[in-house]
Amino acid sequence: MLEFQPTMDTRLATLFLALLTASPALAQREYFFGSGKPPVFREEDVDRRFAKSKLARALAQGTEDPACMQVLGGLFTVLAEIGPTLHKRDENFSVDPALLQAMSAQLVSPKFPGNAYLTAMVRRVLIDRKLPDEWLATAEAINSKVQIIDVGKLKFLNEGLSPIDSLYFTLPALRDRYDIEVQRATSAASSDVAADFRDTYLDRDVAWGGAVMVEAGIAKPVTPKGKKKPPPEPGTEQVMAILEWWPPQPTQTQIVVFAAKPVPPVKIIARLAPKQYLELAKVPKGKRLMVRGRFWEMNRSVTEVEVRDALLFEDRDWSQGALLATPAAVAACPLAFNELTGSTPKQIGGFAH
């Protein structure tokens, strides 16, 4: 994933997450969660300028123009994919690299800085702490035509922003930190490193993508032998999903006598929240999903983790590209022009603290 600071700079400088590109040994636990004080988002001139733009009015009121439907549909599609990973670590947000590439090629032109409008949309959600009701209605209306927006993710944002602790705290990062801080700790460590690790990393709100569905259904209650427990009341049963996340497998770069040992998958036990934003009954085995919830438990080898109050979202694979809008549609849409010039905040992050 790539990260961005929500400024109005149309360049939107892209950075690989430091944790994933630097040596894991250099990544300290403070990197994940910061000072514990979430950033404060306040309305500025840039937001008022965006609110007066024709595109912003169309987000709230809709459009009958087929070309503009493509433009709005593309922006809503990217916003929906950002939504579940909005976090309280800092002001950055992330976009899948392939989706970002598609957006940069299709929704950015000399007359229309689509990335700046997307940033303005993210700012509006962060400031209001929810997706505006009017935006959701517009997205639902135009999705019957564009059929690319994940409306479930927008409904999730519309019901109130609940950011995760850190978008940097991924499953690969968890495994790396456990290897360094616990499994490779020396006898010089003066404390219970396993307990310290649990205190630091458990009980965190996470959004982990790239998992695949294994099974889902009603969890069977565990009762002591010899005792009978009455069946749960209808509608109160605990629904659970089992997923697997596969780490990158070792690759062979030369001929060796013994093949590299495959890395086993991580089993994710997701105890689901009562309300979901996709139809669980229609999710097939092998479907790629994102698990969002409270990281609650893990085993000693980090091959099994438990997430409670979990929400499941489709984790779409954009590696084959995406058609968000055609260049002809962007050129023809009367809403797609730059009304944001000169609105870049002075602060790097775009927000006052």
Side-chain angles (χ1 to χ4, degrees), residues 1-6 10-17 19-21 69-87 92-109 112-119 121-122 125 131 139 142-157 164 167-168 170-173 206-213 243-249 268 277-279 282-292 311-330:
M1 288 244 175
L2 301 180
E3 68 175 72
F4 306 92
Q5 291 186 330
T10 57
R11 292 171 297 175
L12 283 180
T14 61
L15 300 172
F16 279 106
L17 296 181
L19 180 65
L20 302 181
T21 57
M69 283 187 183
Q70 287 191 40
V71 173
L72 296 186
L75 291 172
F76 274 131
T77 296
V78 183
L79 178 64
E81 298 306 302
I82 291 169
T85 61
L86 289 175
H87 69 149
N92 296 329
F93 63 92
S94 66
V95 182
D96 181 277
L99 183 59
L100 171 68
Q101 184 178 16
M103 179 183 174
S104 299
Q106 300 168 28
L107 288 173
V108 177
S109 70
F112 180 60
N115 47 15
Y117 277 95
L118 173 68
T119 300
M121 294 168 69
V122 174
V125 171
L131 183 88
I142 67 175
N143 200 42
S144 62
K145 303 292 185 181
V146 299
Q147 298 184 350
I148 192 175
I149 306 168
D150 190 330
V151 175
K153 292 173 182 172
L154 294 182
K155 288 181 178 178
F156 165 72
L157 283 179
I164 60 175
L167 65 86
Y168 312 119
T170 62
L171 256 179
V206 299
W208 290 338
V212 296
M213 172 67 80
L243 304 99
E244 286 182 342
W245 175 84
W246 288 84
Q249 299 299 306
I268 303 174
Y277 296 90
L278 53 69
E279 294 185 61
K282 294 184 179 181
V283 178
K285 294 180 179 180
K287 181 73 171 178
R288 179 169 148 159
L289 298 171
M290 171 184 286
V291 182
R292 191 185 193 280
L311 299 173
L312 299 181
F313 294 104
E314 183 179 359
D315 189 19
R316 301 163 80 174
D317 182 3
W318 300 101
S319 62
Q320 301 305 309
L323 179 59
L324 301 174
T326 65
V330 176

Please name the pair of heavy atoms, one in [X] and one in [Y], separated by the smallest distance, quoted to 0.1 Å.
{"X": "T85", "Y": "S94", "answer": "OG1-OG, 3.5 Å"}
{"X": "P84", "Y": "A207", "answer": "O-CB, 3.7 Å"}
{"X": "G114", "Y": "L75", "answer": "O-CD2, 3.7 Å"}
{"X": "L157", "Y": "G83", "answer": "CD1-CA, 3.8 Å"}
{"X": "G209", "Y": "W245", "answer": "O-CD1, 3.6 Å"}
{"X": "G73", "Y": "I149", "answer": "O-CG1, 3.7 Å"}

Look only at the side chain of [X] and the backbone of [Y], and say whether a donor-acceptor pair between them is shorter than 3.5 Å.
{"X": "S104", "Y": "Q101", "result": "no"}
{"X": "R292", "Y": "L312", "result": "no"}
{"X": "Q70", "Y": "T326", "result": "yes"}
{"X": "R288", "Y": "D315", "result": "yes"}

Could you state the interatomic distance from [atom1] ([X]) to [atom2] ([Y]), rounded to the nearest 0.5 Å?
{"X": "E81", "Y": "M290", "atom1": "CD", "atom2": "CE", "answer": "8.0 Å"}
{"X": "N143", "Y": "L72", "atom1": "CG", "atom2": "CG", "answer": "12.0 Å"}
{"X": "N92", "Y": "Y168", "atom1": "CG", "atom2": "OH", "answer": "4.0 Å"}
{"X": "L167", "Y": "I82", "atom1": "CG", "atom2": "CD1", "answer": "11.0 Å"}
{"X": "K145", "Y": "M69", "atom1": "NZ", "atom2": "CE", "answer": "6.0 Å"}

For K287, give me all partners under salt bridge (charged side-chain N to carboxylate O under 4.0 Å, His left out), at least two apart in sequence or on another chain. E314
May I ask you to test the [X]-[Y] pair for a side-chain heavy-atom distance under 4.5 Å?
{"X": "V78", "Y": "D96", "value": "no"}
{"X": "V206", "Y": "L171", "value": "no"}
{"X": "F112", "Y": "V71", "value": "yes"}

Criterion side chain to side chain contact (heavy atoms under 4.5 Å, CB included) on L278 and L289, from CA distance to verdict: CA-CA 11 Å; L278 53 69; L289 298 171; 4.2 Å; yes
Reference residue V108; test side chain to side chain contact (heavy atoms under 4.5 Å, CB included); the match among N115, L118, V330: N115
Would you say the ring centroid of H87 lies under 6.0 angstrom from that of F93? no
Step by step, work out the side chain to side chain contact (heavy atoms under 4.5 Å, CB included) result for T77 and D150. CA-CA 7 Å; T77 296; D150 190 330; over 6 Å; no
Pairs flagged by salt bridge (Lys or Arg N to Asp or Glu O under 4.0 Å) wherever residues 70-79 is involved - sequence neighbours left out: none
Run the numbers on L323 and Q106 for side chain to side chain contact (heavy atoms under 4.5 Å, CB included), then give the verdict. CA-CA 8 Å; L323 179 59; Q106 300 168 28; 4.1 Å; yes
Please work out whether the ring planes of F156 and Y277 are parallel, tilted or perpendicular, with thresholds of 30° and 60°. perpendicular
Is there a side chain to side chain contact (heavy atoms under 4.5 Å, CB included) between R316 and I148 once you walk through the steps? CA-CA 11 Å; R316 301 163 80 174; I148 192 175; 3.6 Å; yes
